[in-house]
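A, B, ... follow the sequence lines: proteins, then strands. Residue 1 opens every chain. Below, each value reflects all heavy atoms present in this structure, side chains not excepted, and no hydrogens, waters or symmetry copies.
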Amino acid sequence: MVDADKIEMLEDKARAIRLTVLNMIAEAGKGHIGGAYSCTDIIVALYYGGILRFAPDNPSWGLRDRFILSKGHSGSALFAVLADLGYFDTSELALYCKNGSILGGHPDRNVPGIEADTGSLGHGLGIGAGMALAAKLNNTGQRVFVLVGDGECAEGAVWEAMVFAARHKLANLTLIIDRNRQCVLDFTEDCAPLDPFSDKLAAFGWDTREINGHSFEEILAVLEEPVAIVEDRPRAIVANTVKGKGVSFMEGILKWHHAVPNQDELFAARTELAQQTNYQAS
Amino acid sequence: MKPEVMRDLLIEDICLRMKDNKKIFFLSADFGSPALDQLRADFPDRFFNVGIAEQNLVSIAAGLGLEGFTVYAYAIAPFISMRAFEQIRISLALMGQTREVNVNMIGVGAGLSYDVTGPTHHCLEDIALMNLLPNISVISPSDATFMKDIVSYTLVNKKPSYIRLDGKALPRIYDQTAKPDFNDGFCQICKGEKICIVATGYMTHVALKTAEVLKNDGISVGVIDIYLVKSPDMDKLKASLNEYSIFVTMEEGFIRKGGLDALITSISSATPSPKPVYPLGFDDQYVFEVGDRKHLHALAGLGEDRIIEFIKSIN
């Protein structure tokens with residue numbers, strides 16, 4: 001059982017991050033808000049829930065855990081977290097997607113705390129598997145966490161990496177799938193269906209779990225487990241999420257993949273996020 | 001000296017370095033060679049066959065490279081250069097600009113090495129494609145003399161590279177004691193009067209044969225072998241080219257699309273009085289007819305007689 005105070009702290013933090021993301025995207029007039037919101041709780045759990053080992057004052061600390069946001073279009077949520085943690089000044093967030101900023105629409109390694117340049121989908125798991133192999137052979141204990149979108153899993157390279165990671169027993173590798181069931185034009189099951197997704201991952205040799213990706217209790221319960229429950233297997237977590245989570249008029253609506261709120265919508269979204277004093281996962 | 005297969009000599013040398021240098025990994029996309037059997041037996045913990053998965057080959061190599069390892073990623077040239085192009089672009093070229101990513105792709109089967117194997121295995125695009133990408137060295141050796149020096153170069157250079165190897169056994173062009181200069185990136189093998197042939201890889205052999213035949217006919221042509229196709233020492237290359245008034249480029253690749261001919265054309269066209277550049281290579285179509293390299297060259301207008309005739313016509 002995860003501590004209730006900790007859950008409340010994480011819910012507060014997630015709400016603050018969502019508000020920051022909203023402001024960043026509204027200010028920039030661009031950004032991918034739906035996918036950022038579907039994975040906000042996962043990123044918050046990783047960084048504030050005591051899961052990742054990291055050092056904001058020393059981003060290249062050798063023993064840090066590696067986190068790759070393979071769905072790079074959700075970079076706004078990660079930027080908000082990294083700034084809050086002190087990787088760079090929070091004033092930089094106001095410059096998101098502006099001339100001369102380090103923060104573009106997708107993460108790159110000019111940004112302190114970013115491990116891999118992502119944006120083109122399907123690359124992160126292979127890179128993460130290479131990093132996990134390096135850590136395993138060095139026997140230095142770093143773990144690698146890769147967060148992919150479910151739409152991204154239509155890319156064949158993701159499955160090539162899955163085969164490799166299972167073959168080489170990369171038990172220090174965790175794949176988290178933001179299963180919001182949407183891509184840009186369609187719902188995943190209507191264009192490149194993935195179900196039964198967990199069964200597929202298990203069949204590929206991964207230690208697979210399915211959770212509610214907006215329940216900190218469930219996220220932490222699985223992330224706090226020793227990395228591999230089934231020995232010598234990489235771990236896959238199918239996190240069932242809602243695209244646009246946190247702002248009711250965005251939730252599950254395709255256009256909020258990368259729509260930008262107008263003034264009325266911005267006001268409504270701010271009001272709703274501010275009112276969620278007891279944020280409940282659905 | 002009997003012809004040698006470059007890949008085996010390259011792998012033998014990598015294998016030697018792996019004994020002392022524990023940071024070297026060798027990955028293969030299910031592609032072998034006699035020398036690889038030994039490497040695999042000696043270093044089972046630093047050799048990985050990723051399977052027939054060139055995209056993943058490059059991604060895994062990049063992950064290891066980002067963690068400080070030196071990686072050789074080995075596959076058939078058209079497949080690693082084209083199937084995995086975006087992985088190369090992002091994980092090596094793009095990320096290699098901000099951090100050290102010492103991943104060295106070894107593509108075997110340059111040009112028409114895999115002649116009778118057909119157009120899926122011909123590799124006429126790779127030089128132009130790799131030339132497009134920033135931060136990647138393009139190494140195109142013409143014989144086995146280069147192999148040890150290529151490994152030394154990649155270990156010191158510490159940047160991504162694409163090593164384009166011929167698939168066939170080739171005789172040596174250079175003296176066995178010759179030391180390829182990776183600062184220059186090219187070598188003027190013989191000097192001539194008016195015309196200079198600029199070639200790379202297998203076509204350097206064709207260029208030298210052409211020069212020999214022409215010499216017997218009283219025409220002296222120069223031959224320059226370019227082995228760092230993207231990054232020769234431009235000042236030195238310009239100085240060497242400056243001694244001539246006509247250039248002929250020879251490459252087993254599509255012409256007028258950014259390959260070797262583009263390099264020489266760009267040098268010539270930047271001068272106050274541009275000199276003519278005649279690109280010899282493959283026109284804008286694939287070769288479907290089955291045949292050996294000589295046969296396919298003849299079909300593409302690269303037969304020995306045609307080249308001799310052509311050079312005489314422009315002399």
Side-chain angles (χ1 to χ4, degrees), chain A residues 59-60 62-66 68 70 72 102 104 106-112 114-144 146 148 155-170 172-173, chain B residues 18 21-30 43-73 75 79-80 83-103 133-135 160:
Chain A
S60 56
L63 297 180
R64 71 192 184 281
D65 290 330
R66 272 61 166 169
I68 296 176
S70 190
I102 59 168
H106 298 88
D108 67 54
R109 302 198 320 167
N110 287 318
V111 182
I114 296 298
E115 299 286 353
D117 297 57
T118 54
S120 174
L121 297 169
H123 295 272
L125 187 60
I127 297 168
M131 289 176 166
L133 179 66
K136 182 181 174 185
L137 296 169
N138 284 332
N139 201 22
T140 39
Q142 305 96 312
R143 298 166 303 162
V144 180
V146 181
V148 302
E155 293 281 3
V158 175
W159 300 85
E160 289 183 13
M162 284 185 199
V163 170
F164 181 89
R167 160 67 183 82
H168 294 287
K169 302 180 172 24
L170 300 180
N172 56 346
L173 175 63
Chain B
M18 286 174 81
N21 187 337
K22 309 278 186 241
K23 302 287 272 185
I24 300 176
F25 275 74
F26 197 103
L27 308 184
S28 169
D30 202 34
F43 304 103
D45 55 341
R46 283 186 282 145
F47 169 87
F48 294 94
N49 179 6
V50 304
I52 305 163
E54 290 79 11
Q55 298 174 71
N56 199 42
L57 173 78
V58 175
S59 292
I60 298 291
L64 288 165
L66 287 166
E67 295 296 331
F69 291 105
T70 297
V71 187
Y72 294 92
F79 307 149
I80 192 169
R83 181 60 157 262
F85 188 73
E86 207 209 18
Q87 276 78 9
I88 297 168
R89 172 177 173 261
I90 292 178
S91 292
L92 306 185
L94 193 153
M95 290 208 228
Q97 186 161 314
T98 53
R99 305 252 183 115
E100 183 183 305
V101 190
N102 192 2
V103 172
L133 297 174
N135 310 310

Checklist entry - Do the non-hydrogen side-chain atoms of A/Arg109 and B/Leu66 ever get within less than 4.5 Å of each other? => result yes
Item to check | Smallest separation among heavy atoms of B/Ser59 and A/His123, with atom names | outcome: OG-O, 4.2 Å
Checklist entry - How many angstroms lie between CZ in A/Phe164 and CG in B/Leu57, if you round to the nearest 0.5 Å? => result 9.5 Å
Item to check | Toward chain A, the part of B/Arg89 with a non-hydrogen atom under 4.5 Å | outcome: neither
Next on the checklist: Within the supplied structure, the quantity of interest is the number of heavy atoms (other residues, nucleotides, ligands) at a distance under 6.0 Å from A/Arg167 CZ; does it exceed 12?
Outcome noted: no
Item to check | Distance (rounded to the nearest 0.5 Å) between A/Asp117 CG and B/Arg99 CZ | outcome: 8.5 Å
Checklist outcome for this item: Value for CD (B/Glu67) from CZ (A/Arg66), rounded to nearest 0.5 Å, stands at 4.0 Å
Checklist entry - Non-hydrogen atoms of chain B under 4.5 Å away: do they reach the side chain of A/Ala132, the backbone, both or neither? => result neither
Checklist entry - Rounded to the nearest 0.5 Å, how far does CG of A/Leu133 lie from CG of B/Leu64? => result 5.0 Å
Item to check | Considering all heavy atoms, the nearest A/Gly126-B/Ile60 contact | outcome: O-CD1, 3.4 Å
Next on the checklist: If you count every heavy atom of other residues, nucleotides or ligands that lies below 6.0 Å from B/Arg46 atom CZ, does the total exceed 12?
Outcome noted: yes
Next on the checklist: How about NZ on A/Lys136, more than 12 heavy atoms from neighbouring residues, nucleotides or ligands closer than 6.0 Å, or not?
Outcome noted: yes
Next on the checklist: Quick check on A/Leu137: does its CG atom have over 12 non-hydrogen neighbours (other residues, nucleotides or ligands) under 6.0 Å away?
Outcome noted: yes
Next on the checklist: As an exercise: rank A/Gly62, A/Ala129, A/Ala161 by heavy-atom pairs under 4.5 Å with chain B and give me the winner.
Outcome noted: A/Ala161
Checklist entry - Which one, A/Val163, A/Asn138, A/Asp108, leads in non-hydrogen pairs under 4.5 Å with chain B? => result A/Asn138
Checklist outcome for this item: Bottom line for B/Glu86: the part with an atom under 4.5 Å from chain A's heavy atoms is both
